[in-house]
Structures are given as C-alpha cells and as structure tokens.
Amino acid sequence: MFLSLRAEVEDALEGALSSLAFPTDDLGIEQPPEDVESVLASSAAFRLADEAGAPPPQVASRIAAEIDVDELTYVGAVRTQGPYLNFLPSEAYFSETLAAGTDEAYGSIDGRNESVVVEHTSANPTGPVHVGRARNPIIGDAVANLLAFAGYDVDRHYYVNDAGRQMAVFTWAYETFDEADLEDDPERDRTEYDLVRYYRKGNAYLETADESAVAEAEAEIDAIMQGLEEGDEQTYERVSEVVDQVLSGMKTCLERLPAEFDEFVKETRFMRDGSTDDVVDRLEDLDEAVYEEEAWQLELEEFGIEKNLVFLRSDGTSLYPTRDLAHHEWKFDNYDRAVTVLGEDHKLQARQLRATLDLLGNDTEQLRQVLYSYVNLPEGKMSTRRGTGVDLDDLLDEAIDRAREEVEERLDDRIRDDDLDEDDIERIAHQVGIGAVRYDIVSKQPTKAITFEWEQALDFEAQSAPYVQYVHARCCGILEEAGFDVEAGECPDVDVDAERLEAPEERALLETIARLPAVVDEAAGDLEPHQIATYTREFADRFNAFYRECPVLADGVEPDRRQARLALVAASKHTVANALSILGVAPPRSM
RNA sequence: GGGCGUGUGGCCUAGCGGAGAGGGCAGGAGGUUCCUAACCUCCUGAUCGCGGGUUCGAAUCCCGUCACGCCCGCCA
C-alpha cells in the first residue's frame, strides 16, 4: 500500500508544483521521523524558497493549498509543519493494508518475467566450510530469496572451481598419500573432513620436502593441469573423484543453513565445451591484447585498471579468469541478469571480469557483483589449507546446543500451557540457533568487517533472530488460542473494518505492515538483504507495543474489535514470517 | 608506494543531504492475578576518527589527514 501511496503523493506533488509554475524535478520526498504523524513527507519547499521569493514555510503552505485531498485515495490529509509537507494516511490506506496483509504471500511482488542467476558461495572444494566464508552462503541465499520474493525468476548456482591448480594439488595428494601418512583423524565423520587431510598433507609436503621430491610432485601436478586443459577424459575423472566427494560434504553442511542450489556449475565444463578456447581466440584479436613475457595479456587501463589481465599462460593453459569469462557469457546467454556474491579479496578480479566482458561485446549492465568482507578470528585469518578457523558445522552445533539450553531453561516458568514435547524443543533449538547465526550475519552491511566471537554470534537477546522470531510465535499463539489452525494456514476473516483499529499502537503497526512491499522492492533493487533485517526489528518493536497495549482475546474486548485485532495479528504474522523467510530465518510457531 | 573499503556513546549496529543522530549489549531503577517476560517501561552514556570546504541545511557530498581491513601472482 505504501508504494501506491507514494505514487499518489508523487503525482499530487508534481501537479501542485507545476500549477504553481515551480520546477518538478525535485519533489523532495522523504520518510518523516518516527514521532511525526505522517507516512510520507516532502522537503521541497526548502529548495523552492529562492525561486518563490518566500520563506520555506510559506512555500510549503502554498503547495499544500494546491493539493486537493478529496481526489486522493490513500492520502487522508496534507499538513505543513514549518517547511515540511506531511502526508497523512487515509482510512482506505489502513483498511486496504489490513486486507492485503491477510494474504499469506503478502509483501511479494508479482512476476516480472525476468530471470536472474544468483551465484554464491562457490568455495573451492578443498575442505570443510569455515566461518570465514560463511557470509557468502548466508548473504547469497538471502539475496536469492529476496529477488525471488520481489518477483524475479531466480536460479541459484554454485560455481565449482574444479580446474585450478589447487584441485590438481589435491588430486595429486589424494593419489599419492595413504591414510597411514596422515597424522590426524578426521574432525568429523564426513567426506570433506576426511579428504581435507590429504590436501593439507600435500601442501605441507610441497613446502617442506626436498627439492627433487618437490620437483617430481610439481611435474605430476602440471600433468594433471595439462590433462584438464586438453580435455583428457581420464584426468577429468581423477579430479572429479576428489571434487565430487568433497563437494557433497560441503553441500551437506550448507544444507544445514539451509542454503541450497539449483545447479553446481563446474569450471571444467567451459574447457570441455570449447567456450574457453573461443574466448581466448576473441581476446587475442582485441586491440587491448598484448603478448608479453610469453603470455597473452589484456591491457585494461581504459577502465582505470593498471594491472594487466593474463588470460593465457606461457605454457598455453588458461587461467581461472579466462574460464570465468566463458562462464559469464554462458550466464548471459541463459539469463536476463546475473548476480554474483563474492569476497572483497576478489574485487580487482571482479572489475577485470566486468571490463573484459565489456570488451568482448557483452552488456555488463546485466551483471551485479555483491561484495562482502571476510569474517576473521581475533587472532587472524581463517584458512582451509592451514587448518585454522572455526568450521561452520561447529558454529551451527554450538548455536543449536545453546538454543536448546535456553528452551529447557525456560520450560519451567512458561505461562503458556502448550505442552512442548521433545520434538518441539529440538525444532525450536534448530530454528532459533541457526536463525541467530544467520540473522547476526545478514543484518549487517556486507562491507563491514566482522571479527568472529562466539558470545556475539550467539547472543539470543534483543535485536537478534529470536527477538523477531518471538513476535511470530506470539502471533501464532494468539491465532491458535482463537481457534485457528495456524499450521494448516487458517486465517481470520478479512472482512473487517480497519476503523476498529484506532489505538496509536494499532495504527503504527498497520503503517509498518504497509511498508513491507516497498522495503522488499528497495532491498531487491539495492541487493541489500540487511534492509529486510532492519525492517524486521522495527516491525517487532511495533508489534510488541501493540501486544502490550491491545489485548485481542481478553474478556472485555468487544467482538468487532476482537475480529479486527485478529485480522491485524494475521497480517502481522504474514509480514514477519515473510520477512524472516527472505533472510532464511525460520518463523517458529511456538518457542 | 598505489587502488578500493570501513571508522557513529565502553562494546555492536541503523541512518548515507533535510524535522533534538535511532536501536541493542553492558550498567542503574521498575514491571507477570491479564493473548508466552527470548517481552515491556524509565534512567545513565556520542563534539558521528580528525582538519578544512560546498550548502539555507553535512554523520551523509568534496579535499586533505590518521587508523584498520582487503587487493596490487603466468593462484583461485
């Protein structure tokens, strides 16, 4: 409803300004502060003061006088407050919001007929997913959810780097060493924990073994890389054996979040189908291509990038960026838009990729890159190769354990008589524990660096997932108490009068509910799921105020009012459930 | 050295040209015969890193500066 109101205000303002012969390029529409009784405001009068030859408050009054509120649907009144114009919502605004909110899919935007591929995580299949990279699946999954909710046709891809030197090293190590050569047992009974030990062993060997032994190993590693480059089937199968095993373990870990993918796209695919060779040929023909120091490179100064992009090694093999170019052209062929979520350390490569795609004749407007900073430990970086870091599995386990403790602790002094059984406790522990981890990460701007600390990541207090989840549980509690089967999706009748909702807390809550579609639209446009998190927090505040002041089921509440409030609770439930779902945080029906 | 990013009360964080800079944690004081207190109310606490500038108006834009992070491989 907010979007409709905003459109209406824009039209009205534009009309008023032009009939006063003012320029209409700057409507100055903005969000009023919380304590102002309006849903939208304009500060245009400030800037028109010179032209009007009058002080801003007078200009504001003249504009206000020019707007005929009777012609507007969602605006109930226009008032000035000094230089500001305030637009107050009409009764229709509230009632239509209430009606819209009772739809289970409330907040979602109808199909845009536009497909978008969201590539995220894409961690090299070298070992267990650690917390340093955990931001990628969490942000990536939220971005994908957000775009899907905003009406895009979304596919989620994990790009598997199965053609790089790292995988050649891994394959060599896996084939060379035996269980007996490894010092430690796997940290967990899953393939990637098992196999990563070979990878670490191999890397350690290359660093410490004597020169001739290392040279021999390097020769073997080079042979693997050459085999991949030539599309040799046997080499591909050797590497695949390692890649597929490790990847399946990582997949299991990511599913816990849950972060799931429509497709795991292998890098070797673009070597085997000839598209990388094709890219190389086309790159060599570019004016920016140079052959220096026996390697083919691309000069990208015209894009403000000093560093040359090497796209063909002196031994004739391609590099990761070369294959990624073919990969991206494939995405462009199959989707209208492409979004990639990647760590800030890939920023330069991201710019090079974009610039080169441009040189190859692609429309790079289709590509958006979301960058995030790594999560570091207080003592420094996490590394799979060195085995430093906190595994995501361990973080999730710890989160669930702590959440379970919380549930059990609260069991004794629960007022509500809803008989939580063992399954409920486990369900809540999972929803809350994992929700807290995801929310903690997704609620912050991705560009800010995070230092991982257990206590902070697993804080279940206010301004966390449980705080917002609790609101959802409260909504469900009320609806169930009123006789609705929440699990079956039962919902109160929407045919109620929003005029019954006259308390300031009710009005404020409705205003907040009304903004969800606009928040979704904005967040999707900016690819910033943290805006949704900020919204859930504000929503929870508003709901809690309503909960405190406006009893729904108490004896003294008249039937009409009770019905209206039940509808408001239903709209609240859909609002918070949908917002949480975008973030990938489960909305618990009880906790 | 160069490029990019970040700097908001003791700690974490929102806001990124407009209406006393919002929240949360920690600290202090309260609240449960009433739909779940993972909640709510009140208090204490900030020259928005620092210095200039643009503007009627700057946390927000520009310049400089400092601190921290990331990058500057024929690795990915």
Side-chain angles (χ1 to χ4, degrees), chain A residues 28 30-36 41 43 46-47 49-50 55-56 81-84 86 122-124 126 161 163-167 169 267 292-297 304-307 310-315 317 319-321 324 343-349 351 371 373-374 376 403 406-407 409-410 413-418 428 432 436 440 443-445 447-451 453 455-456 459-471 473-482 530-531 533-534 537-538 540-541 544-545 547-557 565 569 590-591:
Chain A
E30 56 196 65
Q31 202 100 238
E34 252 187 61
D35 55 340
V36 173
S43 62
F46 276 117
R47 274 143 275 143
D50 265 351
Q81 191 169 330
Y84 294 98
N86 281 311
S122 303
N124 296 334
T126 51
N161 306 157
R165 202 188 127 78
Q166 288 179 82
M167 291 325 298
V169 169
E267 198 178 347
E292 276 175 17
E293 296 175 49
E294 299 181 333
W296 276 99
Q297 322 192 359
I305 301 168
E306 295 303 315
K307 176 110 190 58
V310 178
F311 60 88
L312 204 61
R313 290 191 182 96
S314 49
D315 66 2
T317 58
L319 292 92
Y320 176 85
D324 205 20
E344 62 174 347
D345 52 336
H346 289 67
K347 202 165 187 172
L348 177 61
Q349 294 88 304
R351 288 180 61 208
L371 295 148
S373 293
Y374 273 82
N376 289 318
E406 289 282 332
V407 185
E409 229 169 79
R410 289 163 207 274
D413 40 41
R414 277 176 77 86
I415 297 172
R416 193 172 172 75
D417 177 30
D418 56 359
I428 295 167
V432 167
D440 181 58
S443 62
K444 290 170 179 143
Q445 292 190 49
T447 46
K448 292 205 177 196
I450 296 181
T451 302
E453 277 159 89
E455 292 313 314
Q456 224 169 289
D459 182 7
F460 298 156
E461 297 281 294
Q463 220 172 61
S464 65
Y467 173 73
V468 181
Q469 289 174 310
Y470 192 60
V471 166
R474 276 181 155 173
C475 290
C476 292
I478 293 170
L479 293 173
E480 268 170 19
E481 190 77 21
H530 84 268
Q531 292 183 23
T534 303
R537 215 174 293 146
E538 187 191 321
D541 287 344
N544 284 326
Y547 186 87
R548 181 183 73 241
E549 299 297 331
C550 307
V552 180
L553 307 173
D555 291 341
V557 183
R565 286 185 175 168
V569 171
S590 66
M591 51 188 287

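So you know, we letter chains A, B, ... as the sequences are listed, proteins then strands, and number each from 1.
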Between A:Lys448 and B:rA14, is there a contact of a side-chain N or O with OP1 or OP2 at under 4.0 Å?
yes
Grab the [atom1]-[atom2] distance between [X] and [N] for me, whole Å please.
X: A:Arg537; N: B:rG23; atom1: CZ; atom2: P; result: 12 Å
X: A:His346; N: B:rC70; atom1: NE2; atom2: P; result: 14 Å
X: A:His530; N: B:rG23; atom1: NE2; atom2: P; result: 18 Å
X: A:Asp440; N: B:rU13; atom1: CG; atom2: P; result: 10 Å
X: A:Lys444; N: B:rC11; atom1: NZ; atom2: C1'; result: 11 Å
X: A:Glu306; N: B:rC4; atom1: CD; atom2: P; result: 11 Å
X: A:Leu371; N: B:rU6; atom1: CG; atom2: C1'; result: 14 Å
X: A:Gln349; N: B:rC4; atom1: CD; atom2: C1'; result: 12 Å

Considering only atom [atom1], compute the distance from [N] to [M] and round it to an integer number of Å.
N: B:rC50; M: B:rG45; atom1: C1'; value: 22 Å
N: B:rC12; M: B:rC72; atom1: P; value: 28 Å
N: B:rA67; M: B:rG53; atom1: P; value: 24 Å
N: B:rA46; M: B:rC61; atom1: P; value: 25 Å
N: B:rG22; M: B:rC42; atom1: P; value: 14 Å
N: B:rA29; M: B:rU36; atom1: P; value: 30 Å
N: B:rC48; M: B:rG7; atom1: P; value: 14 Å
N: B:rG20; M: B:rU33; atom1: C1'; value: 41 Å

Let's test this: given Watson-Crick or G-U wobble pairing with both distances under 3.5 Å, identify the partner of [N].
N: B:rU55; value: none
N: B:rU41; value: B:rA29
N: B:rG20; value: none
N: B:rG1; value: B:rC72

Filtered N/O pairs between nucleotides 55-64 of chain B and protein, under 3.5 Å:
none

Nearest to the side chain of [X], heavy atoms from C-beta on, is which of [options]?
X: A:Lys307; options: B:rC72, B:rA14, B:rA76; value: B:rC72
X: A:Glu34; options: B:rG22, B:rA14, B:rA76; value: B:rG22
X: A:Gln445; options: B:rC25, B:rA76, B:rA14; value: B:rA14
X: A:Pro551; options: B:rU8, B:rA76, B:rC35; value: B:rC35

Under a 4.0 Å heavy-atom criterion, the protein footprint on nucleotides 36-43 of chain B, written with B, S and -, is BSBSSS--
Earlier contact from the 5' end, RNA chain B, for A:Arg165 and A:Gln31:
A:Gln31
Residue closer to the 5' end of RNA chain B, A:Arg351 versus A:Leu348 (nearest nucleotide)
A:Arg351
Restricting to side chain to side chain donor-acceptor pair (under 3.5 Å), what partner residues turn up for A:Gln445, sequence neighbours left out?
none
May I ask you to say what [X] touches in the nucleic acid, namely base, sugar-phosphate or nothing, with a heavy-atom cut-off under 4.0 Å?
X: A:Ser314; answer: base
X: A:Ala554; answer: nothing
X: A:Pro32; answer: base
X: A:Ala49; answer: nothing

With syn defined as a glycosidic torsion within 90 degrees of 0 and anti otherwise, which applies to B:rG64?
anti
